[in-house]
Amino acid sequence: MENRSDKKDTSSDKRELHQARQGASNLGAPHLPEMLLNIEDYHKVAKTKLTKPAYHYYANGADDQVTLKDNTESFKDIRLRPRVLVDVSNINTKTNLLSGRHTIDFPIMIAPCAMQGMAWPHGNDNRGAERATARAAASMNTLMVVSSFSTTSMQEVIQPVRKDHPNAALWYQLYVVKDRKLTEDMVKKAEKCGYGAIVVTVDASGIGNREPEIREHFKLPQNLSLPNLIVKTKDGETHSDVFSSVIDPSLNWKDVDWLRSVTHLPIIVKGILSSEDAVLAVKHGCAAIIVSNHGARQLDMVQSTIDALPSIVDAVKDCGVDIYVDGGIRRGTDVLKCICMGAKAVLVARPILWGLTVDGEEGVKKVLGLLKKEFEKAMMLCGIQDVKDCNRDYLLRYNKYSKL
Ligand SMILES: Cc1cc2nc3c(=O)[nH]c(=O)nc-3n(C[C@H](O)[C@H](O)[C@H](O)COP(=O)(O)O)c2cc1C
Ligand SMILES: CCCCCCC(=O)C(=O)O
């Protein structure tokens, strides 16, 4: 594929890959995918396969990337407090979403991720990437949120996957664009072709300052396009230019009411970091909230999402809305901490891109499978039989050893 090159491997990337291979061959692993034991293993290999600009676009955060680090590090400040002598011979991770509208096998969903085409390892069919991710989600019985900036149109993602998996659960992530007619058309199209909810992203009035991708002159490769928004990138235009030319920074709560008036689909707001905004989301009729800092790609220096979660849960837990969270989730124990803290489910983005880069649909399935297995094991070893029984008694604030 045009946008891939083996030349950009740094010696430290190569060393890491060699060590990963070495480690696995010491364990007698037969070939590469077998020895990718965790999300970080997938990340290391994906880094060697992507072009440098694409890697930096996917991996990095805004400004000094303080929040990017916090998103993962904050999980370490929370420790688990297991209970013993509980029958954990059957672990139940099935999760209902949006008052039973969907049931997923385990509470880990795929977050909206723009431009997956750059992570597609199988050459020419540029519509393959998001389709592969959708198939992987469906075959694992979980849910994918498709980005407005997908490199495959929303219809071309959902139609083929629904042939094999008629109940495949997909939501459409909406960027509200200046052209409200186009926004409305996107929403109506999503409803018509079978998406189960509209996830409106509210933390991107402009694109964050992501210096590594600016240094790498990142832009969408010529062989890819953004068909949902009918955006054709012009020569010399950065993706940040494209974003500012289409996205509407005047977006406000009245638009959420307007969105509700143009569709029957549930509206989910993505990008909530304060309890005040969570309460407003409930007042404006949203069906769910995604606690998110956009993978630390927008405003640096905001709270990590696991730290923002408890006060939001406390503010709206009795209001009948689902609360989901994303950001820095890389281990099953991270998932468990989120669910015990009060989230109904989590979403992951970068781990999915690493899986897709390494092995297409299979890679995404493996990544989801790894997280699922780790989550089940964490539940089992914590003495939790059913996701419904997760609560804050299983958590400790590490530094103070105090209960949450
Ligand atoms: C490469 C990339 C593209 C993204 N594109 C979108 C997008 O189109 N819409 C959106 O709402 N969020 C987008 N996000 C944010 C994710 O949906 C999610 O909030 C965040 O990345 C989760 O953190 P994680 O990557 O640490 O799992 C993107 C994230 C990444 C890494
Ligand atoms: C012109 C394409 C901009 C896509 C922005 C997608 C996004 O949300 C991200 O975090 O990146």
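Heavy atoms only: backbone and side chains are in, while hydrogens, waters and symmetry mates are out. Just so you know, ligand 1 is whichever comes first in the structure, and atom 1 is the first atom listed for that ligand. Predicted model, so just to flag it, every value in this text is computed and none were measured.
Close approach of ligand 1 to Tyr57 is summarised as follows: ligand atoms under 4.0 Å from at least one heavy atom of the residue are 1 (C), 3 (C). Against a heavy-atom cut-off of under 4.0 Å, Tyr175 is close to the following atoms of ligand 2: 7 (C), 8 (O). Every atom of ligand 2 is numbered from 1 in the order shown, and the set under 4.0 Å from a heavy atom of Ala114 is 6 (C). Those atoms of ligand 1 that come under 4.0 Å of a heavy atom in Ser292, given as number and element, are 19 (O). Listed by number with element, the atoms of ligand 1 under 4.0 angstrom from any heavy atom of Tyr58 are 1 (C), 31 (C). Listed by number with element, the atoms of ligand 1 under 4.0 Å from a non-hydrogen atom of Val348 are 27 (O). Each of the atoms 9 (C), 10 (O), 11 (O) of ligand 2 lies under 4.0 Å from some heavy atom of Arg297. For ligand 2, the atoms closer than 4.0 angstrom to any heavy atom of Val242 are 1 (C). Annotation for ligand 1: atoms under 4.0 Å from non-hydrogen atoms of Thr201 are 10 (C), 11 (O). Applying the 4.0 Å criterion to heavy atoms of Gly295 picks out, from ligand 1, the atoms 19 (O), 20 (C), 21 (O), 23 (O). Contact atoms of ligand 2 toward Arg210: 9 (C), 10 (O), 11 (O) (distance under 4.0 Å to a heavy atom of the residue). For ligand 1, the atoms lying closer than 4.0 Å to a non-hydrogen atom of Ser147 are 7 (C), 8 (O). For ligand 1 and Leu353, the ligand atoms under 4.0 Å from any heavy atom of the residue are 1 (C).
Checked by atom type, the side-chain pair Tyr324/Asp326 shows no donor-acceptor distance below 3.5 Å. With hydrogens and angles left out, the side-chain atoms of Thr201 and Gln173 include a donor and acceptor closer than 3.5 Å.
Side-chain contact between Leu36 and Lys366 is absent, with no heavy-atom pair separated by less than 4.5 Å. Contact annotation: the side chain of Leu174 never approaches that of Tyr195 to less than 4.5 Å [non-hydrogen atoms, C-beta and beyond].
The six-membered or imidazole ring of Phe218 lies near that of His239, with a centre-to-centre distance under 6.0 Å.
Polar contact check, Ala349 against ligand 1: a nitrogen or oxygen pair lies under 3.5 Å apart. Annotation: Ala114 places an N or O atom under 3.5 Å from an N or O atom of ligand 1; distance criterion only. Note: no N/O pair closer than 3.5 Å links His239 and ligand 2 by distance alone. Between Pro112 and ligand 1, at least one N/O pair is under 3.5 Å apart.
In Gln298, neither the side chain nor the backbone holds a heavy atom less than 4.0 Å from any atom of ligand 2. At a 4.0 Å heavy-atom cut-off, ligand 1 touches Arg297 through the side chain alone.
Geometric assessment of Arg297 against the ring of Tyr57 yields a positive cation-pi assignment under the 6.0 Å and 45° thresholds.
The closest donor-acceptor contact from the side chain of Asp64 to the backbone of Val66 lies at 3.5 Å or more, if one exists at all. At distances below 3.5 Å, at least one donor-acceptor pair connects side-chain atoms of Lys178 with backbone N or O atoms of Ser244.
In plain terms, the two heavy atoms of Ala345 and Met109 that are nearest each other are CB-CE, 4.0 Å.
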